[in-house]
Protein chains: 2
Amino acid sequence: MSAEKQKDLELYLDELKTIVKKRGLKYSTQREQILKVLFNAKNHLTPEEIYQEVKKENTSIGLATVYRTLSFLESEDIVSSISFGSEGKKYELNRGEHHDHMICIKCGKIIEFFNEELERLQEEIAKKENFKLITHQMNMYGICEECQKKDQ
Amino acid sequence: MSAEKQKDLELYLDELKTIVKKRGLKYSTQREQILKVLFNAKNHLTPEEIYQEVKKENTSIGLATVYRTLSFLESEDIVSSISFGSEGKKYELNRGEHHDHMICIKCGKIIEFFNEELERLQEEIAKKENFKLITHQMNMYGICEECQKKDQ
DNA sequence: CTCCTTGCAAACCGTTTGCATGCCC
DNA sequence: GGGCATGCAAACGGTTTGCAAGGAG
């Protein structure tokens with residue numbers, strides 16, 4: 001792990017410590033481990049996947065703890081979730097800028113993207129309806145480049 | 001019910017008959033009743049709500065039938081579903097143009113909107129990633145005009 | 001020492017499935 | 001009459017909850 005990445009992780013852990021203290025709650029190994037897993041994740045993870053990952057170094061963790069921690073982290077805006085139809089939710093660590101997702105319906109791959117104009121357009125649409133926009137979720141479903149090639 | 005509305009419903013029922021025939025399936029009272037409920041709905045309905053509604057004139061319908069019918073109608077592109085976080089899915093009849101949704105997190109109201117530029121922008125974003133766009137779902141969460149007034 | 005957090009198991013809830021029966025064509 | 005559709009109940013999968021035990025402050 002690079003020194004740079006290490007430092008980022010520290011920042012997240014510090015943020016967690018601060019928030020936990022501010023809320024009069026406690027800093028636990030489990031919360032730290034779950035946050036670490038999310039930090040190291042290359043893609044979006046389901047609660048079950050996070051559970052399995054944490055289990056590698058803490059065999060006694062319970063699935064319920066993962067769910068409880070994810071709800072907490074999401075309410076504190078440390079992580080975000082995207083939900084796919086009935087296939088449940090996936091979580092990711094909030095790193096800076098908001099972004100949206102393209103989801104490949106063949107292989108399940110998730111491509112993240114950020115588009116300035118899209119953000120602006122939403123504000124504009126909301127304003128038209130006097131709707132106070134808080135957050136949004138834009139999911140584009142289709143077939144990714146690789147899967148298109150495979151099909152041919 | 002106005003004559004005009006009546007005529008529209010007939011068109012939907014005819015469409016259902018045609019599709020059902022084309023697939024070698026059967027036209028049943030239940031399918032017709034579920035489609036009618038969706039046609040008459042003022043807002044998006046959950047499977048449970050549809051079930052309760054149909055039950056008013058057909059007490060023996062089963063929830064499973066509603067689910068099976070909704071899957072079928074959705075696969076045939078007669079209805080669409082939107083999914084909200086963990087709160088499940090809601091269904092609506094496809095009437096012409098595609099549209100997106102603003103969802104009030106206070107009262108649950110759903111405001112539909114269609115924005116030409118948004119559609120175009122998506123195509124553009126997908127093209128950049130060589131992603132073959134099939135469908136999308138854009139949900140904007142916030143507070144509707146009425147709920148904003150209430151809060152003051 | 002206190003209260004929050006945890007692990008476990010049971011409960012929950014929306015959705016799906018197997019099966020015998022019913023109904024459309 | 002044959003095969004799809006239905007109703008019912010059971011199964012399912014993800015998520016939540018009650019509770020007693022454990023751990024942080």
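Letters go in sequence order (proteins before strands), and every chain restarts at 1.
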Does anything in residues 18-27 of chain A form a salt bridge (Lys or Arg N to Asp or Glu O under 4.0 Å)? List the pairs, not counting sequence neighbours. A:Arg23-A:Glu76
Residue pair B:Pro47 / B:Tyr91: nearest heavy atoms and the distance that separates them: CG-CE1, 3.9 Å
Has A:Gln30 got a side-chain N or O lying under 4.0 Å from the OP1 or OP2 atom of D:dG23? no
Return each pair, listed once, that meets salt bridge (Lys or Arg N to Asp or Glu O under 4.0 Å) where at least one residue sits in residues 55-66 of chain B; pairs must be two or more places apart or across chains. B:Glu53-B:Lys56
So what does B:Leu63 hit on the nucleic acid, given a heavy-atom distance under 4.0 Å: a base, only sugar-phosphate, or nothing? base
Set of residues satisfying side chain to side chain contact (heavy atoms under 4.5 Å, CB included) with respect to A:Glu112, sequence neighbours excluded: A:His44, A:Glu92, A:His99, A:His101
Once side-chain hydrogen bond (donor to acceptor under 3.5 Å, both in side chains) is applied, do any residues pair with A:Ser28, and if so which ones, sequence neighbours excluded? none
Taking only residues two or more places apart in sequence, or in another chain, which ones meet B:Leu13 in a side chain to side chain contact (heavy atoms under 4.5 Å, CB included)? B:Leu9, B:Tyr27, B:Glu32, B:Leu35, B:Lys36
What is the distance, rounded to the nearest whole Å, between atom CD1 of A:Ile19 and atom P of C:dC4? 18 Å
Which angle, to the nearest 10 degrees, lies between the helix axes at the two ends of the helix from C:dC1-D:dG25 to C:dC25-D:dG1, each defined by five pairs? 30°
Separation of atom CD1 in B:Ile50 from atom P in C:dG14, rounded to whole Å: 14 Å
Between P of C:dT5 and CG of A:Leu16, the distance in whole Å: 11 Å
Per-nucleotide protein contact string for nucleotides 20-25 of chain C (B base, S sugar-phosphate only, - none; heavy atom under 4.0 Å): ----BS
Which of residues 64-80 of chain B have a heavy atom under 4.0 Å from DNA chain D? B:Ala64, B:Thr65, B:Arg68
Pairs in or reaching into residues 103-138 of chain B: which pass ring pair (Phe, Tyr, Trp, His ring centres under 6.0 Å), with residues at least two apart or in two chains? B:His98-B:His136
What integer distance in Å separates A:Tyr51:OH from D:dG14:C1'? 14 Å
Listing request: all side chain to side chain donor-acceptor pair (under 3.5 Å) pairs with a residue in residues 124-134 of chain A, at least two apart in sequence or in separate chains. A:Arg120-A:Glu124, A:Asn130-B:Glu145
The answer to which of B:Arg31 and A:Glu48 contacts DNA chain D further toward the 5' end, by nearest nucleotide, is B:Arg31
Atom CG of B:Leu45 to atom P of C:dG14: distance rounded to whole Å? 15 Å
Once side chain to side chain contact (heavy atoms under 4.5 Å, CB included) is applied, do any residues pair with B:Asn43, and if so which ones, sequence neighbours excluded? B:Leu45
Could you state the atom-to-atom distance from OH of A:Tyr91 to C1' of D:dG14 in whole Å? 11 Å
Of all residues at least two apart in sequence or in a different chain, which pass the salt bridge (charged side-chain N to carboxylate O under 4.0 Å, His left out) check with B:Glu146? B:Lys109
D:dT6 P sits how many Å from B:Glu32 CD, rounded? 12 Å
To the nearest angstrom, how far is A:Arg23 atom CZ from D:dA24 atom C1'? 19 Å
Looking only at non-hydrogen atoms, find the nearest pair between A:Thr65 and A:Ile34 and report the distance. O-CD1, 4.1 Å
